[in-house]
Protein chains: 2
Amino acid sequence: MGQRKSGHVTLLDIARASGFSVSTVSIVLSEAPLSQNVAEKTRAHIRAIARRLGYHPDAYARSLRRRRTMTLGILAFDLSDPFCVPLMRGIQEGAHKSGYMPLVMDAQAQRKLFDSYLHTLIERRTEAVIVLASWVFEETNLLGDIRKNNVPILIVGRDLTAREISSILVDNEAGGALAARHLYELGHRHIAVIRGPEEMCDSEPRWAGIRRVVAETGMKLDEQLVFELPGVAGPASGFEGGTHCARQMLKSGRPFSAVLAFDDLTALGVVRGLTEGGVRVPQDCSVMGFDDVLPSEVATPAMTTIRQPLREMGLEAAECVLRAIRSAAPGKAQLHKTQPELVVRMSTAPPAAQFTLQSKTRSKKEASLR
Amino acid sequence: MGQRKSGHVTLLDIARASGFSVSTVSIVLSEAPLSQNVAEKTRAHIRAIARRLGYHPDAYARSLRRRRTMTLGILAFDLSDPFCVPLMRGIQEGAHKSGYMPLVMDAQAQRKLFDSYLHTLIERRTEAVIVLASWVFEETNLLGDIRKNNVPILIVGRDLTAREISSILVDNEAGGALAARHLYELGHRHIAVIRGPEEMCDSEPRWAGIRRVVAETGMKLDEQLVFELPGVAGPASGFEGGTHCARQMLKSGRPFSAVLAFDDLTALGVVRGLTEGGVRVPQDCSVMGFDDVLPSEVATPAMTTIRQPLREMGLEAAECVLRAIRSAAPGKAQLHKTQPELVVRMSTAPPAAQFTLQSKTRSKKEASLR
DNA sequence: TATATTGATTGAAACGTTTGAACAACTTGT
DNA sequence: ACAAGTTGTTCAAACGTTTCAATCAATATA
């Protein structure tokens, strides 16, 4: 029970306690190849002592010597975005399989913290860095020091292949199309759309997908009913934006039977705005989101949405950087697009028979929710 | 641009490039006290080279030598619980002030991972460990190795002071009372309650607080309308539980004008169940949650709830363990209780005039939502 | 002139591991 | 009986820092 200065049990402690040298103890405890040559009796003895003393190898000393940290850095731009957690789970799963540990940092949507944590990750010698770029993600100087220290890097949620950074994102164009087609198939012909903020790279392709389907099917798209979120302060702001747009829609007096929102939080905001205006979802108006995050699932009515395969994307991200680590060569930046999936829940339904938005409809209660 | 074996820029690289010794470079770059004696010219020179090469001190080597890692371990039992993120933010804030970094691990609600990550944190020599025990948290062997390696530990969301572990949690009794009183003041006299699973330590005190107010005010508490969540699979399961209980309530045919749910997700589940049964919230029935997590805020109607000051709790947690680190002495385990706060939103309203649940009321639209 | 004092820099040991090479003590094959 | 393996263990150097003590000039004090 002698007081070690560090407060932690070290190999030396065990060496002394067992009578063997530090080397032997190390070989046994780290299960090095040489440990085959160590007498079984010795091994058992050393292990027993280690357990008794509560020995844990010092990751710092070990990594310093082995020159491998077995860690992956995850840098989330804003961890409060529900988008991040499933991604992290996926990454964790992928990393775990290869004996790697994720090291998570949350930049709290602050540019300054982001840069500082990026440095931290380099200093911590994470063998690769995965950036979770949820919501708006200002261009930052990812390239500089990361490059000089040749650490593989990958970004999820943004396409930065133009900057030679591998990227993983959902096929937003396909997602937008999927959403629009769903509404079309329910019978909607007049839809309102809330586009994402222009700084967000997801915005444009989703919008393109919507437009494509609109053109293919001959739905109406009233210019006055296409809104754009102001691109600002983190995911929660989408909610406010949605509420605001919904009010505008109602005020405009123009006819629409469905709203296609940029993402789930925005869609939830729309529901709020419509409800306040006395419009029922989905009986009087359908609403769709995008992402499939927890709040959508537990809202009433549950939100119909386009699901991003977040877990799978995280898994892929992990595997991708692990490959990069193994093949020390820099390698070409790759773009991985994943396929979104329609999740039909309760916020969408066929439009009321003779729908005009001005006069409040009295559609039947049982509006055939699926 | 010479290829260093490690791929990282080290002090030696800079020493060579600048013509000074490793010692001098270290002193300058780490801003050690001695650096005052180093000629200004030399300092500038060394710093310039460091910048040019993209030098980042190796946290491993540094910590090994300094015998301090300047990290705090955060071990979340289940990061997907929205409860965790604000806590982490608070911890991060508190840690940052003192130059500490949080190191986050997510046990994904798996006992096995939890233990393994706890070891990881010890190996990583985090100077203290903060456990985020959201939702059910099985007793685990926190004490063993942590104690042997004398790392301060603190748990948030559970009282383990009996086990000599400092704990921070909200005053659940007060919270329960706050909720019940709110409903009383709105005029509710017949309320249904959904208690938490019995394994969860929050359950009992919340229930006690409710009972106290019920007794004080003379409200009715119909035994048939008191439910208990089955304690199982993570926070999302509260939602299912809530839906299920709501159905039971309706089926029972007993009168009640408000539901007090164990937590927000459960409350959202109740809203779902009531809505399916044709009962409107809040016009026909009020619903309250507990915690104040994001989904409650963005649901429609927005959920009235009891807010836990999570950010503040995180801050307090950080400060508490930092104190423990400074005063190397073990110190008595402390219990910190924080005060919950009533957040009135749209899911609660005065009961309809002549309320009986069986015959659907036709209360006025404008049921005085505040 | 000898002795402190100061200023600028460096040598070398240490932090806790890992690991290639060496060593000693036994076998074995010839 | 001697080289050549085995088997079980240890030496010592290295990983990239930090920091105490030491060095060496040059200037100030006695």
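Per chain, numbering begins at 1; letters A, B, ... match sequence-line order.
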[X] side-chain N/O to [N] phosphate OP1/OP2 under 4.0 Å:
X: A/Thr24; N: D/dT10; result: yes
X: A/Ser26; N: C/dT18; result: yes
X: B/Tyr60; N: D/dT18; result: no
X: A/Arg43; N: D/dG8; result: no

**Study point:** Closest-nucleotide ordering on DNA chain D, the 5'-leading residue of B/Arg62 and B/Leu34
**Key:** B/Arg62
Quick one: which of [options] gets closest to the side chain of [X]?
X: A/Arg66; options: D/dC15, D/dT17, C/dT18; value: C/dT18
X: B/Ile27; options: C/dC15, C/dT9, C/dT10; value: C/dT10
X: A/Thr10; options: C/dG16, C/dG11, D/dT18; value: C/dG16
X: A/Asp58; options: C/dT18, D/dT17, C/dG16; value: C/dG16
X: B/Ser23; options: D/dG16, C/dG11, C/dT17; value: C/dG11

**Study point:** Lys/Arg-Asp/Glu bridge criterion (N-O < 4.0 Å) met for B/Arg62, B/Asp58
**Key:** no
Review point. Are A/His56 and B/His119 close enough that their ring centres sit under 6.0 Å apart?
Key: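 Yes, ring centres under 6.0 Å apart.
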Check your understanding: Ignoring hydrogens and angles, are the base of D/dT18 and the side chain of B/Arg65 linked by a donor-acceptor pair under 3.5 Å?
Key -> yes
Could you check how far [atom1] of [X] sits from [atom2] of [N], rounded to whole Å?
X: A/Ile46; N: D/dT10; atom1: CD1; atom2: C1'; answer: 12 Å
X: A/Arg67; N: C/dT19; atom1: CZ; atom2: C1'; answer: 13 Å
X: A/His45; N: D/dT9; atom1: NE2; atom2: C1'; answer: 15 Å
X: A/Arg68; N: C/dT17; atom1: CZ; atom2: P; answer: 20 Å
X: A/Arg124; N: D/dC15; atom1: CZ; atom2: P; answer: 22 Å

Revision key, fill the gap. Minimal heavy-atom distance between A/Tyr55 and A/Thr10, with the atoms involved, is CE1-C, 3.8 Å
Review point. Base, sugar-phosphate, or nothing: which does A/Phe20 touch, judged by heavy atoms less than 4.0 Å apart?
Key: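 Sugar-phosphate, backbone atoms only, no base.
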Review point. Base, sugar-phosphate, or nothing for A/Thr42, non-hydrogen atoms under 4.0 angstrom?
Key: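 Answer is sugar-phosphate: A/Thr42 comes under 4.0 Å of backbone atoms only.
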Review point. Under 30°, 30 to 60°, or over 60°: which ring-plane class applies to B/Tyr60 and A/Tyr60, parallel, tilted or perpendicular?
Key: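 Because their plane-to-plane angle lies in the 30° to 60° range, the rings of B/Tyr60 and A/Tyr60 count as tilted.
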Practice item. Go through A/Ser26 and A/Ser23 one step at a time and tell me if the side chain to side chain donor-acceptor pair (under 3.5 Å) criterion holds. Key: CA-CA 5 Å; A/Ser26 168; A/Ser23 316; over 6 Å; no
Check your understanding: Hey, which of these two, A/Ala61 or B/Asn37, hits DNA chain C nearer its 5' end, going by closest nucleotide?
Key ->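 Result of the comparison: B/Asn37.
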